[in-house]
Amino acid sequence: MAKSIIKKTGFVLLLFLIVSCAKEKPPRYVIVIHGGAGAISADLPDSVKQAYISGLNEALSAGEKILQKGGKSIDAVEAAIRVMEDNPLFNAGKGSVYTYEGKVSMDASIMDGQGSKAGAVAGVEDVRHPISLARMVMDSSEYVFLSGRGASEFARTHQLETADSTYFFTPGRWEEHLRKLREGKLGTVGCVALDQQGNLAAGTSTGGLTNKRWGRIGDTPVIGAGTYASNKSCAVSCTGVGEYFIRFVVAHSIADMIEYKGWTLRQAANFVINEQLKRAGGEGGLIAVDRNGNIAMIYNTKGMFRAYAKSNGERWTGIFAEKIKRSAKP
Ligand code: ASP
């Protein structure tokens, strides 16, 4: 009798061990980035595709390096976005599109899910890294949101690198401006991350829409619309036609659905992008990570430049609806 009880208990223990080993452990860290969503042509020449892919990979690695060493998600977000702000392929920093007046006018925001701290800037014309300016607003000012001349003055006070209009001249963007394209050129950049301490962070940076007028500001620097992070739920960075993302307060809505309705990250992101926004005619997408390391990369456009990496070695980069193949590091 006693023997059989011991046998049964042993069997149950073994079963428990097998089940708990099979259950995937949450990753220790996760980083996801985007380089804009929109009508990306399927005929994009291979060389251009490759250039985007390597631009994304470079940014991803800059952020991942920080997370690997146990660094903070907010630092990883800033580092990854700075790399994309220096890459003229993306519509942020150096590669920003031109306004109706032929100038750059950049917006950026960053949010730390630990303590709900945030910083944002809008209409900045002369700062090399708007994401770092947003970070500086968060860390070293009593405000959350600065704009225009005042934001530049704040950058100078804090010795952030400034740049004149020659730095922001890129022939391709100028050509778009001359052709008076109204719709946004793709390439807004964003990053979300979960670090080894369990803290979430999100950031987004953009030149906005091509030929925008009258000081137009999109969703990118609006906390809760284009960017949001809370350790209680998730971190989100959006891209697309900003007016819709502001009207539907996209990033914050997703966090609320998770925190108050118990939805999964994917359910919430999918609902907002593919139902709410789509019904209203809003085009775009988002990247997000929740506190358990689940990710979402959802868009209702032809494509979205995007990539992610996890502590377990999973790494992926893509543009269109490619099947995600889990691969080891390239
Ligand atoms: N959301 C950005 C804006 O409206 C543009 C974009 O993501 O392409 O300014």
Side-chain angles (χ1 to χ4, degrees), residues 32-41 52 55-56 59 81 84-85 87-100 103-111 120-125 130-131 134 145 147-148 170 172-173 176-177 181-192 202-228 236-254 269 272-273 277-278 280-288 297-306 319:
V32 192
I33 60 170
H34 72 74
I40 307 170
S41 162
Y52 273 106
L56 288 169
I81 292 180
M84 291 189 278
E85 284 178 337
N87 186 336
L89 279 178
F90 299 108
N91 174 17
K94 165 104 185 116
S96 291
V97 299
Y98 296 106
T99 64
Y100 186 78
K103 295 189 291 198
V104 296
S105 177
M106 302 171 286
D107 305 332
S109 66
I110 195 161
M111 185 157 186
V121 291
V124 174
E125 297 178 2
I131 195 68
F145 203 169
S147 72
T170 46
R173 298 294 193 211
E176 278 163 19
H177 168 65
L181 294 180
R182 204 186 67 80
E183 273 294 286
K185 231 4 240 173
L186 304 159
T188 290
V189 303
C191 178
V192 294
T204 318
S205 179
T206 190
L209 299 184
T210 306
N211 280 305
K212 60 187 178 183
R213 295 179 84 171
W214 303 303
R216 180 263 184 195
I217 297 166
D219 61 315
T220 301
V222 181
I223 295 298
T227 304
Y228 191 72
V236 184
S237 167
C238 303
T239 173
V241 183
E243 283 66 19
Y244 291 89
F245 286 77
I246 295 174
R247 285 169 50 201
F248 289 90
V249 203
V250 168
H252 186 259
S253 300
I254 291 171
V272 173
I273 295 296
L277 235 59
K278 208 170 179 175
E283 295 189 341
L286 61 84
I287 53 167
M297 304 186 290
I298 310 250
Y299 53 95
N300 62 23
T301 51
K302 277 203 181 133
M304 177 165 79
F305 299 105
R306 61 204 191 279
I319 304 174

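Values in this document were obtained by computation on a predicted structure and should not be read as measured data. Remember, it's 1-based here, ligands and their atoms both numbered in the order they're listed.
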Heteroatom proximity flag, G242 to ligand 1, N/O under 3.5 Å: yes
Distance (rounded to the nearest 0.5 Å) between I273 CD1 and F248 CZ: 11.0 Å
Ligand 1 N/O within reach of T206 N/O, cut-off under 3.5 Å: no
Heavy-atom closest contact (R173 atom, S96 atom, distance): CG-O, 3.8 Å
T206 and its side chain to side chain contact (heavy atoms under 4.5 Å, CB included) partner, picked from D219, V97, D107, T239: D107
F305 and Y52 aromatic ring geometry - parallel, tilted or perpendicular at 30°/60° bounds: parallel
Proximity to ligand 1 by part of R216, non-hydrogen separation under 4.0 Å: side chain
Nearest-0.5 Å distance, OG1 of residue T99 to NE2 of residue H177: 7.0 Å
Contact with ligand 1 for G240, non-hydrogen, under 4.0 angstrom: yes
Polar contact flag, side-chain donor to acceptor under 3.5 angstrom, T204-T220: no
Under 3.5 Å: N/O of T188 near N/O of ligand 1: yes
Rounded distance (nearest 0.5 Å) linking atom NZ of K212 with atom OH of Y98: 13.0 Å
Per-atom contacts, ligand 1 versus D219 - under 4.0 Å to a heavy atom: 1 (N), 2 (C), 3 (C), 4 (O)
Heteroatom distance test (E243, ligand 1): nitrogen or oxygen, under 3.5 angstrom: no
Atoms in ligand 1 flagged as close to T239, the criterion being non-hydrogen separation under 4.0 Å: 6 (C), 7 (O), 8 (O)
T220 and ligand 1 - part of the residue with a heavy-atom distance under 4.0 Å: side chain
N or O contact, L209 vs ligand 1, cut-off under 3.5 Å: no
